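In what follows, every heavy atom counts, from backbone to side chain, and hydrogens, waters and symmetry copies are set aside. Computed from a predicted model, the values in this text were never measured in an experiment. Labels below follow one simple rule: chain letters A, B, ... track the order of the sequence lines, proteins then strands, and each chain is numbered from 1.
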Amino acid sequence: MQRLVSTRNFAFGYTLESAQPLTFYSDYAIGGGLLTFPYQKSIVSLRYRGDNKSGSFYLERSTGKSVFGREEASYLFRLGDDMERIYESISTDAFMIAAIEKYRGLRLTRNDPWVTTLTFIISQFNNIKRIRRIVKLLIERYGTDINDSSGMPVGKGFPDMETLSRLSVKELMECGTGFRAGYIKEASRYFTENVDLYKLEGKSYSMIKDALIGARGIGDKVADIIALMGYGKLEAFPIDTWIKRTVEKVYFNGHGKTVKEIHRFADERWGELAGYAQQYLYWHGMHSL
DNA sequence: ACCCAGGCGGGCG
DNA sequence: CGCCCGCATGGG
């Protein structure tokens, strides 16, 4: 078993469970430190040995045609981020300090833009367990085939957007997508025919967000989370029901605030690292308030 | 039975 | 703009 990379300030369990794309489509056993997921044209199994302070990733198995090594692991889990510097910067108050204390090592992940787009269109007005179920059904039924070097099938990857755009709403609903079926179909077509998600890489946060919101089924929150987790824009601050609830309660004495006001508040308070602050607020707020 | 879930689109004032 | 409503579905 090949050792890929060592970690510091990395919490395997929190990172995988905290409702990021990997939560929705990978199989993980927190205790055993095992993680299996489709990666491009391969199925990859990683083993994590260590605790929330330090550890190492090992490549247990990789079957298929894509390479997954040290560089990919480091990129996926943002192991290059200087967490001490980030913690220092976002430790603005007692609630944030408590969140960091409790969930130290929770990382944002980097994800494919299309994977992030699809999973978070599905996430709306939904819960984590059901999101997992829907995503896995889509992969199972409409995912791209992944074969080993001799052509033997080893699993399924993410369904590509052309495939989904050609499905009927009925077929999409039979995967449990509910009222989101139309959104999936139309957004798939939009990103196939009108806007190339992969040409947005490297553009500014606001350009990316505007381009994403042009698609049906993507609003302010989903666009922000795609910018954050699919394009690595750390200044993005996705505002879902939990974040709204938490920010109002912790910072405004429970008084209602508009999404616009919360965006301004987060930008002034956490600026370029608002996305990291958001992930800690979300996870700590959801479990403690 | 009832309530809710990492929201969005549409209609209204 | 801000506010309100309906939306499919499965789990608690």
Side-chain angles (χ1 to χ4, degrees), chain A residues 14-26 99 103 106-109 111 113 115-138 141 167-191 209-231 233-234 236-250 252 255-266 274-289:
Chain A
Y14 299 147
T15 302
L16 286 176
E17 289 182 300
S18 63
Q20 301 192 231
L22 278 168
T23 307
F24 303 141
Y25 68 83
S26 66
Y103 297 108
L106 166 59
R107 299 280 185 140
L108 288 169
T109 58
N111 304 89
V115 169
T116 313
T117 299
L118 178 61
T119 53
F120 279 97
I121 286 175
I122 293 166
S123 80
Q124 61 186 85
F125 197 39
N126 213 338
N127 58 63
I128 293 175
K129 188 163 284 185
R130 216 166 78 86
I131 299 165
R132 283 178 62 90
R133 182 176 174 277
I134 294 168
V135 172
K136 291 195 168 218
L137 265 176
L138 287 172
R141 294 190 187 172
L167 294 178
S168 67
V169 169
K170 181 168 178 291
E171 287 170 315
L172 286 165
M173 284 190 105
E174 281 164 0
C175 296
T177 54
F179 66 88
R180 308 161 195 82
Y183 295 166
I184 294 171
K185 183 174 171 62
E186 290 185 45
S188 300
R189 187 166 48 202
Y190 180 79
F191 291 120
K209 188 170 175 181
D210 289 346
L212 292 169
I213 284 181
R216 192 174 160 78
I218 299 182
D220 182 81
K221 188 268 173 175
V222 171
D224 266 326
I225 213 153
I226 299 168
L228 180 62
M229 296 175 180
Y231 292 93
K233 296 297 180 183
L234 297 183
F237 189 83
I239 301 172
D240 66 2
T241 52
W242 292 105
I243 287 291
K244 186 165 188 295
R245 216 174 291 171
T246 302
V247 168
E248 287 171 349
K249 190 159 191 172
V250 174
F252 295 99
H255 295 305
K257 292 288 158 188
T258 64
V259 167
K260 198 172 172 182
E261 288 171 322
I262 295 174
H263 273 307
R264 187 162 53 236
F265 171 80
Y276 258 111
Q278 177 274 161
Q279 194 64 11
Y280 279 83
L281 276 178
Y282 166 71
W283 205 233
H284 186 43
M286 192 166 90
H287 291 294
S288 69
L289 296 182

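There is no side-chain donor-acceptor pair under 3.5 Å between A:T15 and A:Q20. In this structure, a donor-acceptor pair under 3.5 Å is present between the side chains of A:S168 and A:E171.
One atom, CD1 of A:I262, and another, P of B:dG7, lie 13 Å apart when rounded to the nearest Å. Spacing between atom CE of A:M286 and atom P of B:dC4 amounts to 16 Å, rounded to whole angstrom units. Atom pair A:I131:CD1 and B:dC4:P shows a separation of 18 Å (rounding to whole Å applied). In this structure, the CD1 atom of A:I213 is 15 Å from the P atom of B:dG7, given to the nearest Å. Computed from coordinates, the A:K221 NZ to B:dA5 C1' distance equals 11 Å when rounded to whole Å. With rounding to whole Å, A:R216 atom CZ is found 18 Å from B:dG7 atom P. Atom P of nucleotide B:dG7 and atom NZ of A:K260 are separated by 22 Å, given to the nearest angstrom. Rounded to an integer number of Å, the gap from A:I239 CD1 to B:dG7 P is 12 Å.
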TODO: Sugar-phosphate atoms are those with a prime plus P, OP1 and OP2; base atoms are the rest. Using that split, label each nucleotide of nucleotides 5-12 of chain C B, S or - for protein heavy atoms under 4.0 Å, 5' to 3'.
DONE: --BBBB-S

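A:Y183 is listed as a side-chain neighbour of A:Q124, based on a closest heavy-atom distance under 4.5 Å. With contacts defined as side-chain heavy-atom distances shorter than 4.5 Å, the pair A:Y25/A:R132 does not qualify. Here the side chains of A:L281 and A:F237 are in contact, with some heavy-atom distance below 4.5 Å.
Side-chain atoms of A:R130 come within 3.5 Å of backbone N or O of A:G176 as a donor-acceptor pair. Remark: side-chain polar atoms of A:T177 are paired, donor with acceptor, to backbone N or O of A:L172 under 3.5 angstrom.
Between A:D224 and A:K233, no side-chain nitrogen of the basic residue sits less than 4.0 Å from a carboxylate oxygen of the acidic one, so the salt-bridge criterion is not met.
Across all strands, A:Q279 comes closer than 4.0 Å to base atoms (heavy-atom distances). Here A:I134 lies out of heavy-atom contact (under 4.0 Å) with every strand. Residue contacts shown for A:R245 are limited to sugar-phosphate atoms, with no base heavy atom under 4.0 Å away. Nucleic acid contact for A:T246: none, since no nucleic acid atom lies under 4.0 Å from a heavy atom of the residue. In this structure, A:I218 reaches the sugar-phosphate backbone alone: every heavy-atom distance under 4.0 Å involves primed, P, OP1 or OP2 atoms, never a base.
When the P atom is compared between C:dA8 and B:dG11, the two are found 15 Å apart, to the nearest whole Å.
Ring-plane geometry between A:H287 and A:Y103 is classed as tilted, the angle between the planes lying from 30 to 60 degrees on a 0 to 90 degree scale. Under the 30°/60° scheme for interplanar angles, the aromatic rings of A:F179 and A:F125 are found to be tilted.
Heavy-atom nearest nucleotides on DNA chain B were determined for A:Y282 and for A:G217, and the one closer to the 5' end corresponds to A:Y282.
For the pair A:T241 and B:dG7, the criterion of a side-chain N or O lying under 4.0 Å from OP1 or OP2 is met.
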- [ ] For DNA chain B, just give me the dot-bracket, please: Watson-Crick or G-U, both distances below 3.5 Å, ( ) intra-strand, [ ] crossing earlier pairs, | paired with another strand, . unpaired.
- [x] .||||.|||||||

